[in-house]
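For reference, the structure discussed in these notes is given below.
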Amino acid sequence: MKKVLLTSAVVAALIFTGCSTKDPSIDATKNSTSQQSSSNNSNSNSETVTGTDVVVDENANNGSDSNEMSMVDLEGEMKSVNFAFDQYSLTPDMADKVSDNAALANSKASAYMIKVEGNCDEWGSDEYNYALGLKRANSVKSALIDKGVSAERISMISYGESNPLCTEQSKECWAKNRRVDFKLLP
Amino acid sequence: MYKLLIISFLIFNLSADDLTIDVSKQVDSLPSLTLENSTRVDSSINKSFLRSLMSDMNVLSIFNVNRRSYRVDFSDENVARESKKSSYVLRFKIVPQDSGAYKTEIKFFEQNRVIFQKSYTIHKKRLYVFVAHTIAYDINKVMGEDSIDWIKKKVVIARLSARNKSEIIITDYTLTYQHIMIKGGLNVFPQWANKEQNALYYTSLSGSKPTLYRLDTTTGKRKKILSSDGMMVCSDVREDGKKLLLTMAPNGQPDIYLYDVRSGKYQRLTTYSGIDVSAQFMDFKKIVFISNRMGYPNVFSKIIGKKGVEQMVYYGKSNVSCSAHNEYIVYKSRETSNAFSRNTFNLHLISTKTDFIRRLTATGVNEFPRFSKDGSAILFIKNYKNQSSIGVVRLGYNKNYLFPLKIGKIQSLDW
């Protein structure tokens, strides 16, 4: 019991210490900014954005256009499209998401191939579920082509139920898993 | 109601050999069987072998198996005093050999009289469960029952171990023996390539396109067969191993193809714009498959090379997988329009010669049914309360047995 109390006390102390360090860290940034301000004058605020410049430099080193984001960053901008149970047709709001992805694919991500990945919920590991994932991917592929993305840039794969985003037993979770993801390939 | 009346009528008109009729044998009416263990107590496979053998004797479904076993000297002429009430006694002894092999000897008694004896040798200890299965096969034969060749067969499964990760495992029908054949990546839908079970087909989803490989399980050498955008599955291998039924989607459209192993050429069998998948050979000329051409997934048949399909099942709202053996079809069916109720997917058996339907399972998600080659048993996957198991239905005995997987989830199987 003593141990529990001691542990609780230590944990509580750490929590409070953690909380207390939050504000000082912000203060520390302010302090450093102010120090930089004093040495670099008006350019000090720009210097806090230096990290972004470094990323651009790295891209440049990799042979990419300086205006282009990395493949992974771009992939993160592509929106997954979710489907209703046992369905593979696109509704207007799903088509809007695909449209946004197509715009991205034809601009900043124009140098990459697009892999369209169909996924299903956990209700079956049989072929039908994989085919459902494929039909979802194919609906999305057709919509991408309609929006001007070259068919030759698009490949498809269905992962069926084997690539779940979450594994809880709930309608919300299953709905999250019925989706098409977009991956970029060099 | 009208259909129910027809079904009730048919029950009384079907022959006793019809597998769609429930056969209930009362446990009490079965002859009793007791196991006698003559293996040294300190033997490392003593307990596990006894457990497997007892399980197999239960699966035979022809004995009321005594839960207790007794120790006795193998050479004793009489059964143990405690076993005397039993109609049958199976005595066994495992002896390690100098060569590293294991020899198992058995004596099978009926009313204190030896009616069968045999010895079995394995060269690797971890194969012990197959000795138990072979003994069960022999005892079943001695008892005059129909052959159960399936009990000795190896089973291949794909086990999902994590998101986008799986293993292809060679196992037995009880999941006791497990040999990881392929690890790393996402490999699914393994299918034995021949009767000898020394090669298998499987789909790799690790690359940019689904790809079908053939793997020699004795050498580990693999050969790329085909790849297809979107989907590529070997659904069935013809009995002679010369033809495969594939699901491919070269244009994003899942259809069924017949693949010739020798020439490498394939022929498209279905052209429906929806989903056609999971084809199984009924014989050399006819296939059954799953299609959503009626607006929901259901079982259809087709004669190879001819136009037109025939609907095979008229019960169930979503029949998404099946297996065929002669006139029998077992299929997975959603019981309710509520996709998320507890009573989700069950297996049903129909005969194409009658209208009778036999429900084979009751709870959970039951899927991936596969008939044994002799049609007397069905192997399937059961997912219930976060546990994945292999189930065995013994059709002639109206019995189901479950063997749980400790880790992961079974994606597919073949035996």
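Below, chain A is the first sequence line, B the second, and so on; all start at residue 1.
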| If every non-hydrogen atom of Ile157(A) is compared with every non-hydrogen atom of Ser208(B), which pair is closest and at what distance? | CD1-O, 4.3 Å

| Any idea which of Met231(B), Lys332(B), Lys409(B) has the most non-hydrogen atom pairs under 4.5 angstrom with chain A? | Met231(B)

| message | Can you tell me which of Lys135(A), Met113(A), Glu161(A), Glu117(A) forms the most heavy-atom pairs within a distance under 4.5 Å of chain B? | response | Lys135(A)

| message | Counting heavy-atom pairs closer than 4.5 Å to chain A, which one of Ala158(B), Gly274(B), Ala162(B) comes out on top? | response | Gly274(B)

| field | Under 4.5 Å from any heavy atom of chain A - which part of Val320(B) | value | both

| Heavy-atom contact with chain B under 4.5 Å, split by part of Lys183(A) | neither

| note | When rounded to the nearest 0.5 Å, the distance separating OG1 of Thr247(B) from OH of Tyr128(A) is 13.0 Å

| What residue in Ser228(B), Pro254(B), Ser235(B), Gly230(B) has the most heavy-atom pairs under 4.5 Å with chain A? | Gly230(B)

| request: Indicate the atoms forming the closest heavy-atom contact of Tyr159(A) with Leu205(B), along with that distance. | output: CE2-O, 3.6 Å

| query | Does any heavy atom of chain A fall under 4.5 Å from the side chain of Ser273(B), the backbone, both, or neither of them? | reply | backbone

| request: Would you mind reporting whether Tyr88(A) and Ile275(B) have side-chain heavy atoms less than 4.5 Å apart? | output: yes

| task | Report yes or no: does Asn138(A) contribute a side-chain atom to a donor-acceptor pair with the main-chain N or O of Gly252(B) at less than 3.5 Å? | result | yes

| field | Short side-chain to backbone donor-acceptor contact, Glu127(A) and Val277(B), under 3.5 Å | value | no

| field | For chain A, the option from Met232(B), Lys209(B), Glu367(B), Gln253(B) that forms the most heavy-atom pairs under 4.5 Å | value | Glu367(B)

| Taking everything shown except Tyr266(B) itself, do over 12 heavy atoms lie less than 6.0 Å from its OH? | no

| Looking at Gly118(A), Pro164(A), Ala137(A), which makes the most heavy-atom pairs under 4.5 Å with chain B? | Pro164(A)

| said: Do Gln411(B) and Ser162(A) pair up side chain to side chain, a donor and an acceptor below 3.5 Å, judged on atom types alone? | reply: no

| Between Asn292(B), Val188(B), Ile381(B), the one whose heavy-atom pairs under 4.5 Å with chain A are most numerous | Asn292(B)

| note | Interface check, chain A: of Ile410(B), Ile290(B), Leu186(B), most non-hydrogen pairs under 4.5 Å belong to Leu186(B)

| said: So does Ser321(B) get a backbone contact from the side chain of Asp126(A), meaning a donor-acceptor N/O pair under 3.5 Å? | reply: no

| message | Would you compute the distance between atom OH of Tyr130(A) and atom OG of Ser278(B) and round it to the nearest 0.5 angstrom? | response | 11.5 Å

| field | Portion of Asn386(B) that has a non-hydrogen atom of chain A nearer than 4.5 angstrom | value | side chain

| query | Given side chains that start at C-beta, do those of Tyr296(B) and Asp86(A) come closer than 4.5 Å, heavy atoms only? | reply | no

